Amino acid sequence: MFAYLVRRLLLMLVTLFGISVVIFFLLRIVPGNIVDILFAAAGYVDPADKVDLEKQLGIDQPLVVQYLHWIGGLLHGDLGYSYVSEKPALQEILPRIPITARLAGLALLFSASIGIPLGVISAVKQGSRIDYALRVVSLSGLSLPSFWLGLLVLTASVAMFGQMPIFNANPRSFGEAFATYCIPAMVVGFRSSALTMRITRSSMLEVLRQDYIRTARAKGASDAAVNYHHALKNAILPVITVIGIEAAFLIGGLIVTETVFNIPGVARFLVEAIRWRDYPIVQNLVMFIAVVVVFANFTVDMLYAVFDPRIRYTD
Amino acid sequence: MADRSDLVLDVKNLKTVFFTNSGLFKAVDDLSFTVKRGETLAIVGESGCGKSVTALSLMRLVPDPPGRIVDGSVLLEGTDLLALNETEMRKIRGNRISMIFQEPMTSLNPVIRIGDQIIEAVRLHRNLSSREAKDIAVEMLRLVRIPEPARRAKEYPHQLSGGMRQRAMIAMALACRPALLIADEPTTALDVTIQAQILALILDLQKELGTGLVLITHDLGVVAQAAQRVIVMYAGRKVEEAGVEALFAAPRHPYTRGLMASIPAVPAPGVAAPARLNEIPGTVPSLVRLPKGCAFAPRCPLAVKRCEAEYPPLTDWGGGHLAACWRAADVAEVA
Amino acid sequence: MAAIDFDVELRRAGAHATGGWRRMLFMAQRHVLGAAGLIIMTLFVLTAVFADFIARYDPLTVDAARALARPSWAHWMGTDSFGRDVFSRIIHGARISLAVGIGSTALGGTIGVFVGLTSGYLSGWVDLIFQRVSDILQALPLLVLALIMTAALGPSLPNVILAIAIPLIPTVSRVTRANTLALREQPFVEAAKSIGMSEVRIALRHVLPNTLAPLIVLATAQLGSTILTEASLSFLGLGIPEPYPSWGRMLSESAAEYVRTAPWLVIFPGIAISLAVFGANLFGDALRDILDPRQRG
Amino acid sequence: SEPKQGGILRMYHRDSPGNASIHEGATYSLNVPFMPVFNNLVIYKQDEAQNTMDNIVPELAESWAWVNDNKTLTFKLRQGVKWHDGKPFTSADVKCTFDMLMGKSQQKFRQNPRKAWYEQVNDVATNGDFEVSFNLKRPQPSLLALLASGYTPVYPCHVSPGDMRTHPIGTGPFKFVEFRANESIKLTRNTDYWRKGRPYLDGIEFTIIPNRSTAILAFVAGNFDMTFPTEVSIPLLKDVKSQAPNAICEVEPNNVSTNIIVNSSAPPFDNIDIRKAMALALDRKAFISIMFEGQGDVGGTMLPPPNGLWGMPKEMLQTIPGYGPDVNANREEAKKLMQKAGYGPEKHLAVKVSTRNIPVYRDPAVILIDQLKSIYIDGELDVVETANWFPKIARKDYMLGLNLTGNAVDDPDQSFYENYSCGSERNYTNYCNKEIEKLFDVQSQETDIAKRKKLVWDIDKKLQEDVARPIIFHARTGTCWQPYVKGVTVMTNSSYNGYRYEDVWMDK
Amino acid sequence: MSKMLLEVTDLRKHYPVRAGVLRRQVGTVHSVDGVSFSLGAGETLGLVGESGCGKSTVARSVLRLVEPTSGQIRLDGEDITHLSKTALRPHRRSMQIVFQDPFASLNPRMTAGDIVGEPIAVHGLATGQALEARVAQLFEQVGLRPDQMRNFPHQFSGGQRQRICIARALALEPRLIVCDEPVSALDVSIQAQVINLLIDLQKQHGFSYLFIAHDLAVVAHISHRVAVMYLGRIVEIAGKDELFRNPRHPYTQALLASVPIANPLAKKLAPLVDGDVPSPVNPPRGCAFHTRCRFAMERCRTERPVLKGNEHQVACLLNEGTGRGQ
Ligand SMILES: Nc1ncnc2c1ncn2[C@@H]1O[C@H](COP(=O)(O)OP(=O)(O)OP(=O)(O)O)[C@@H](O)[C@H]1O
Ligand SMILES: Nc1ncnc2c1ncn2[C@@H]1O[C@H](COP(=O)(O)OP(=O)(O)OP(=O)(O)O)[C@@H](O)[C@H]1O
Ligand SMILES: [Mg+2]
Ligand SMILES: [Mg+2]
């Protein structure tokens, strides 16, 4: 087990290193840099100023040097300075993380707490009207562009309550907290709950065909015991994987949702930073997201071992 | 069939079909038999002839859809199982009637400890504390000769070898001391040396508990060693039934006879070159398009016109030796 | 025992549906939703192919005089602020959206299959590298990658397709790899080896065809999500640019300004997107049921 | 009713400005939130809608005078004014500010987009702590107009340009509190403001909402007291009106012209005939009707009257090719020119129309392409990301570009020099006509307004006839606020100058 | 033993068990651990043993479908253990394999005709009409109708599928056919058909079979000589009659005693051994069977017996290496 952990961590480091290379050089391939943008915003460029500025920001140096500089800093906890705001990147990124984390957490929670039970019901009642209805609803969840769903929710909220949930970093009341976090989380979670439901359903169907389910029935176990005790315990494994993968996809959904609901989280910030070619922000944020995703995958693997006694990472 | 009170199981005209997209599968067709207390009834026949479906029908576990028991009655200690509702049936399953499945590898829930799976079986039918149930579980494991039962109870199925898993299955099936145990090919997936151990174990326990046993197999050797009475099935139907000695001494149905002849035996000394086996030509018919008459007729060396037109009735040839063959009388002569 | 109508039961099980057409009809009945999905998809594909004949107006012609017309007989879905016929734009938009959907799925799928097959077949170093690369691609969120790609390449149809295709590669290659590894152990592959067949030929003739079914299912599901990704990219200003009438852009741009004042500008592209994605998913689901041998009843 | 003290004005912001330093930016995204932090020497009267010379009032200066044959502009400065950090304001600050703008000081701006405004200024001299003079190379009456722009705040000497980008210090009615990129900007009342009794508001809070529909919804729902100024498009205005009928909305020109930049240094547009044909093919009315439902203005370089001070009269405008009312006739003529250049129904000219990936750029480009179809030009839209737009234009890597030009001050000096003088950084088209350039100087020195106007009209007409940078239209946009917000003035010939907000108050 | 078709000497196949940070090998699965045997032309060698004892691994190694860890495989006297893939190709024609599972052995997406024709096509032995004719001939040879060539595997019954597999193996006219449990998955009544077919084919063509099964009776029926494997090793090898008449290894005896005899009057089953087969990862030291052997002596725990004897070889320390007599 310990050896396995170390090995996994090493692999994770390799992956993260790879990501750092990819993201760093990918960004440099993207035409246009912060200097261009700054001058575009000003509508003019004085070549001398441009050179000065490039020097000042250090983007005149060879890429490899820049890369080593970045990684070196990263290892010391120094993320550099945002080109745009000129504040330490860490200071820009850190306060936004809890916001997105809360959203993502709530969305996952929502997705699991809706998706899993509905998936079980749908599988148990396979072929029934309920099954069809649930499948159609979940599919419509998957078919709505998320910005569109978000806008609909906002419009409906204004039309019905004359109010719009506007982000408030320090909600004063439950209502505000609900509006700030839960509604957007539900919009994001709706889509992934549809996914969770589908995967739960197919996983359950698979498990329900297994011999040991028949054994449980032969013991005289009730339907509920068979479905939830014997079947779900086995069916949950692929669901965990999907929820883990969802964690990565969630970031994409959050970019859009944070934009629609105007939530100052990391996802939207990332898009802005890409637009501004604010490399220190983009690089570090992407690295942060990658770390989260990689750890999410790792957690999923660990959860697997918890839920499935057959998996005991001994090697 | 003298003493009715001694009957654990009385199956009459059982008919189970499958509605599939290639047609109607008559998996079990008009099957009747009885099992006495402490008796072992073997059901033999080749793959797909309806042995497992028979077992599942007794348990009322035929998957629906596509399967359905469409006719007959199953009297277990006098109660017609087919007339019970699902809740009542659940009280009987695992309690008065229980079953050991073919695949010990897949028939145990991989994510639940062995002990807990047995405990569940006990507590479903006995009003016991979990402590007491646990003791019973360990006791059962000891009974099926699993070494260190208390430790093994805490293990998961994958930590056990195939033979041990089958023992655990047996422990689970017998935990409530059922009146009838159905063992559906309990040793097919195991090696010969392990098979011998498991068979001996089942028979011992059966004797000990006085349970009626339905032993399903396709291995005539196993039948000969274990059963008192035998049913031979072919394409969903019972084609022959007899006491084990009578059957082996003088099979009345050409299929039974062919089967016995085609099984390779450990050879008698002195035969140098490999000898051809007696084979039954042709293939097992599909259960959808069964011939109108005797299903075995196309492969039968004795087949006559009548066989193709009319299904032969089960006839008693004396001493409870039943066979369904127009030419049953000639079989013995030919053999 | 209740009387059982054997004929009804058999009909329900599809026993009467033998032979080509009747079988297909039965499948359609059994998988009503899947058939609906197939019909939707087919309609969209036909629409895309015959857009020039179906559309009643040029989708790009601007006409100030008829701007923002409500849906009417002349303009079934109204016109946009440029006076362009929304119906014609949606019809032509089918081309774009399907080009994005099918194009990126096909591109990502093909590369993914190649990578997965090679990786599963060669194992060793190649496999290790491919797997790390796909780890890397997978840890970069799809939308982020697409964002950077479109930013890098500029928003044009091929670039958007490429940007959406790349994140598909790791998913597809993983599925292919897993299947390949499983198939390599199959006796029929060993049999092919034992007759002295070359590895490449085995991979192409024995392994690939047998991984196709799950891949087709995956592809249909991905098809829907690529269309949605394009819409999201459009919303973030990085989708297919004007003048191509992509559904995503039609929706995201008019959603901002015309939800209430000219709702037809929002509703129809919205329906088109959802319907296409819905159709692809329905069809994909049914395909999975049909192609998955374990699902057969 | 009497203005009331108090309340925080909540406004959304369309876009996160890169930094907080007005001098380093060229977008009113900076002016709106940060003008309230500063004072100028002089300023356009904030409660007058039209910026004119007559509406310029003193601010940090108490008075000004033109001396030395109109070659020196002297300001007497207000005394007792304090920077927000408590340091006293003196003439040194003024000198520092303009020296830096002219690139003469040690410290440098990261960018200095309006350096050209001070081309004619020799130096800025102080005379004691409270007097400064601008010494000019030649008379330039409009310098005062430039100094009155919202783009020309006075910066403190003792704060570095870098700090001004992140934490601006001014003398204005509001103090900077915080700026969270992509999130919010907060200002609070400067209790020490030199103008007694002002500002009325306790503070201003901007919430940055780049997504327009979200922003408008939030305004409609009452989350904001005011929209971002001049950001409400005509269709959205209708939306606001229908949902919040009480809201007050004004639609005014913002002195931003939408124009076509033509790369005349490379084929095909090095051919004047093709340029002319293109100009003739424009149907400006159609643009305006599509983009603004009719509420826009046709004009030349200068914003047309009545809102604009320098625009050509209508009659004169219509004599310019392409401005005539008969679009079809114009296009017939255009076709002839095209045929002369070798194109026709069989041989179309393929052209790329480059523009930025923003609707206000893209939409007119789409219309343009459609209109060019009528004269055998097949346009293809080439959408360029903001980051690449300017380098691309600078490389002359385009044929036609659709561009927006905002004029900070409704004054010919600002527009002409910046956009049309040879070698100017922002002369994207490299249009260079020495004769016209001479005329620029002539009008610039002219002190008689009427005469100057004539000169300006002639220049403007010539520029249009040369198809240097055909102006398509001048846009109008809306600003909305809740009925209880009072004292808001939306300026009608500039969108850069009216955001001091010291007169705004809330009646609630 | 001069004219041997196949000679296997001290064959070993070890699979590494990897673990740890660097995926270092921490253990070894001793799937096959020193197996030697030879097979003459026209001869059938039966190989029996419990599940997991390495029978299939021997089969695969002989065909070089897995690379043996060590040892030597000589086909017709030529060492093929280390031949390259290309050099091996011509030899592939001499040896073919039939697998246990007739369902998984056939590519579900190819027609039966294509499957059987594939080896011929791959070796370029025939094309077009000739190929078709040859396939038809093979079909007839294994008792299938040539018109079934166009059918797909799922349209055949289990026995028929195994015939297709046999036809495919015959296509290259090999001299050695390795049969890895070819009848285990078949119905009892079909099993006899396939065994008879194999016997008939051998009579016609003089093939050699390496015939693997776990059913002693089946092996006994078809083989000339029988080898018994236990945990990766051959523990006893002898002529069929000799082995059944006079099994010397306690394991062979247990196997024989465990086969249920299809005669109700015969002696009832008495399991001769207890417990399960040990794991091949950590095979017991000494004699691998000592953990289950009723006759295990102290010596068995430490000393590993080797095969001894001439015609009847046995690896047992009892009776000075001759095993336990009957
Ligand atoms: N779920 C099912 N759907 C359709 N047909 C079924 C199903 N289960 C069983 N059958 C059919 O019923 C027939 C009898 O099957 P059954 O499992 O009882 O055979 P068996 O005698 O137990 O064979 P084996 O020895 O292989 O276990 C088979 O021909 C099979 O096709
Ligand atoms: N690729 C492999 N990697 C690791 N171990 C393997 C591999 N293949 C086989 N083994 C192990 O080698 C041992 C022998 O396997 P093999 O398949 O040869 O047994 P067998 O005698 O054919 O068994 P069966 O009767 O079940 O077919 C087993 O313990 C198996 O787990
Ligand atoms: Mg069965
Ligand atoms: Mg094997």
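In this text, all values refer to a predicted model and were calculated from it rather than measured experimentally. Reminder, nothing fancy here: chain letters follow the sequence lines and each chain counts from 1.
Around the CZ atom of B:R151, the shell of radius 6.0 Å holds more than 12 heavy atoms that belong to other residues, nucleotides or ligands. Crowding of B:N127 atom CG: a count of heavy atoms from other residues, nucleotides or ligands under 6.0 Å not exceeding 12. Within a 6.0 Å radius of OH in A:Y228, more than 12 heavy atoms belonging to other residues, nucleotides or ligands are found.
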TODO: Begin from the C-alpha positions of A:R214 and B:M59 and carry the test side chain to side chain contact (heavy atoms under 4.5 Å, CB included) through to its verdict.
DONE: CA-CA 10 Å; A:R214 194 180 54 190; B:M59 298 290 289; over 6 Å; no
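With a 4.5 angstrom heavy-atom cutoff, B:I92 does not touch chain A via any of its atoms. Interface remark: B:M169 contributes side-chain atoms only to the contact with chain A (heavy atom separation under 4.5 Å). Neither the backbone nor the side chain of A:A216 comes within less than 4.5 Å of any heavy atom of chain B. Looking at B:L108, the atoms closer than 4.5 Å to chain A (heavy atoms on both sides) all sit in the backbone: N, CA, C or O. Both the backbone and the side chain of B:Q117 come within contact range of chain A, judged by heavy atoms closer than 4.5 Å.
At distances below 3.5 Å, at least one donor-acceptor pair connects side-chain atoms of B:N109 with backbone N or O atoms of A:H230. Counting only distance, with no hydrogens or angles, the side chain of A:K219 and the backbone of B:M172 share no donor-acceptor pair below 3.5 Å. In this structure, the side chain of B:T106 does not engage the main chain of A:D211 through any donor-acceptor pair within 3.5 Å.
To the nearest 0.5 Å, atom CG of residue A:N234 and atom CD1 of residue B:I112 are 7.5 Å apart.
Side-chain contact between A:D223 and B:R90 is present, with heavy atoms from C-beta onward closer than 4.5 Å.
Between chain A and the options B:A121, B:P110, B:A173, heavy-atom pairs under 4.5 Å are most frequent for B:P110.
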